[in-house]
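Just so it is clear, the structure is predicted and the values come from calculations on it, not from any experiment. Quick note: numbers below take in every heavy atom, side chains included, and nothing from hydrogens, waters or symmetry partners.
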Amino acid sequence: MTGRPAPAVLPPSLRPWLGLTAALAALVVVALGVLYADHSEPGVVDRWIIQPTADSLRPPWRYVALTMDFLGEPVGAATLVVAAVTGCLLLRRPRAAVLVVAGVGVTVGTATLLKHLVGRTIHGDNLSYPSGHTAFLTALALVMALLASGRLGLGRTAGTSLVLAAALVAGAAMGWAQVALGAHYPTDVLGGWCTALAVIPATACLVDRMADRLVGRMADAGRRERR
């Protein structure tokens with residue numbers, strides 16, 4: 001036992017920019033939540049982008065959207081999480097495996113809590129803000145991008161760019177599907193995307209801190225045993 005900690009799941013070089021991004025994202029989530037609290041109609045921005053309750057998507061794009069939507073459903077989401085955790089363990093990145101479970105779990109839990117607090121609805125009584133599907137896939141993409149950034153040893157600019165690009169692609173893909181299928185307003189999607197951006201960096205820092213403390217305690221115990 002060397003007591004040497006495993007690589008940080010949130011590389012130190014990425015912490016300043018991702019921390020700032022997380023803070024700004026949290027502000028967006030709160031602002032949109034206050035703006036659309038207890039609303040049951042699309043807002044001005046929603047109408048400007050698309051009429052979100054009009055399910056006019058036709059094949060083959062409808063099949064693509066339904067596939068994306070499935071990835072955010074319990075079975076699809078569980079499959080992605082298991083695959084991600086398995087990949088992290090095969091790469092010997094236990095912290096990343098923990099972050100997959102904890103980060104995605106906290107993100108989805110936060111989105112669910114916000115749905116009940118904000119009370120925005122679509123199609124009757126269906127709580128819509130923020131989009132849990134978008135939050136889930138963005139969170140998973142963020143964790144995978146952090147893992148890739150760490151393994152590739154990317155610097156601040158390249159690493160941050162990779163992480164944010166992955167979040168943008170995942171959020172845009174799932175967000176498009178949710179709006180196109182009429183399941184969410186565009187601003188719900190933005191709220192879900194920002195929820196993941198706010199939660200994952202904070203959870204990653206917590207995972208690193210707890211792992212470092214555990215390694216430190218194990219190292220201290222090993223030294224005491226050798227005395």
Side-chain angles (χ1 to χ4, degrees), residues 18-57 65-66 68-74 76-78 80-81 99-143 164 167-206:
L18 291 185
L20 176 60
T21 300
L24 294 175
L27 289 176
V28 172
V29 171
V30 172
L32 290 177
V34 171
L35 182 62
Y36 293 111
D38 298 320
H39 283 213
S40 59
E41 297 290 337
V44 175
V45 175
D46 299 315
R47 291 192 181 94
W48 177 72
I49 297 175
I50 191 174
Q51 182 61 30
T53 57
D55 186 4
S56 59
L57 198 62
L66 288 172
M68 290 300 304
D69 180 72
F70 172 75
L71 296 179
E73 294 295 318
L80 287 180
V81 168
L99 182 59
V100 170
V101 177
V104 170
V106 173
T107 299
V108 173
T110 300
T112 302
L113 176 61
L114 287 171
K115 283 179 185 288
H116 290 86
L117 291 176
V118 175
R120 190 186 198 189
T121 58
I122 190 171
H123 304 317
D125 296 329
N126 297 308
L127 296 173
S128 66
Y129 180 87
S131 167
H133 281 61
T134 306
F136 162 75
L137 196 63
T138 303
L140 188 60
L142 281 167
V143 176
L164 295 182
L168 180 60
V169 171
M174 182 61 83
W176 164 79
Q178 295 305 298
V179 174
L181 293 171
H184 283 283
Y185 304 112
T187 43
D188 295 335
V189 167
L190 177 58
W193 186 65
C194 287
T195 297
L197 285 174
V199 170
I200 291 300
T203 307
C205 283
L206 182 61

For the atom pair [atom1] ([X]) and [atom2] ([Y]), what is the distance rounded to the nearest 0.5 Å?
| X | Y | atom1 | atom2 | value |
| --- | --- | --- | --- | --- |
| Leu99 | Cys205 | CG | SG | 10.0 Å |
| Leu127 | Thr112 | CG | OG1 | 9.5 Å |
| Tyr129 | Thr195 | OH | OG1 | 6.0 Å |
| Thr107 | Leu140 | OG1 | CG | 10.0 Å |
| His39 | Arg120 | NE2 | CZ | 8.0 Å |
| Tyr36 | Glu41 | OH | CD | 12.0 Å |

Q | Derivation of the side-chain contact (heavy atoms from CB on, under 4.5 Å) call for Val81 and Phe136 | A | CA-CA 10 Å; Val81 168; Phe136 162 75; 3.9 Å; yes
Just by modelled atom types, is the [Y] backbone N or O under 3.5 Å from a matching donor or acceptor in the [X] side chain?
| X | Y | result |
| --- | --- | --- |
| Asp69 | Leu66 | no |
| Trp193 | Ala167 | yes |
| His123 | Gly182 | yes |
| Arg47 | Pro42 | yes |
| Tyr185 | Ser40 | yes |

Heavy-atom pair of closest approach, residues [X] and [Y]:
| X | Y | result |
| --- | --- | --- |
| Ala183 | Ile122 | O-CG2, 3.6 Å |
| Gln178 | Val189 | CB-CG2, 4.3 Å |
| Gly171 | Thr138 | CA-OG1, 3.4 Å |
| Gly192 | Pro130 | N-CB, 3.4 Å |
| Ala135 | Ala196 | O-CB, 3.5 Å |
| His184 | Ser128 | ND1-O, 2.9 Å |

Q: Show the numbers, then the answer: is there a side-chain contact (heavy atoms from CB on, under 4.5 Å) between Asp188 and Thr134?
A: CA-CA 9 Å; Asp188 295 335; Thr134 306; over 6 Å; no
Q | No-hydrogen, no-angle side-chain donor-acceptor test under 3.5 Å, Asp46 and Thr187 | A |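 Side-chain D/A pair, Asp46 to Thr187: present.
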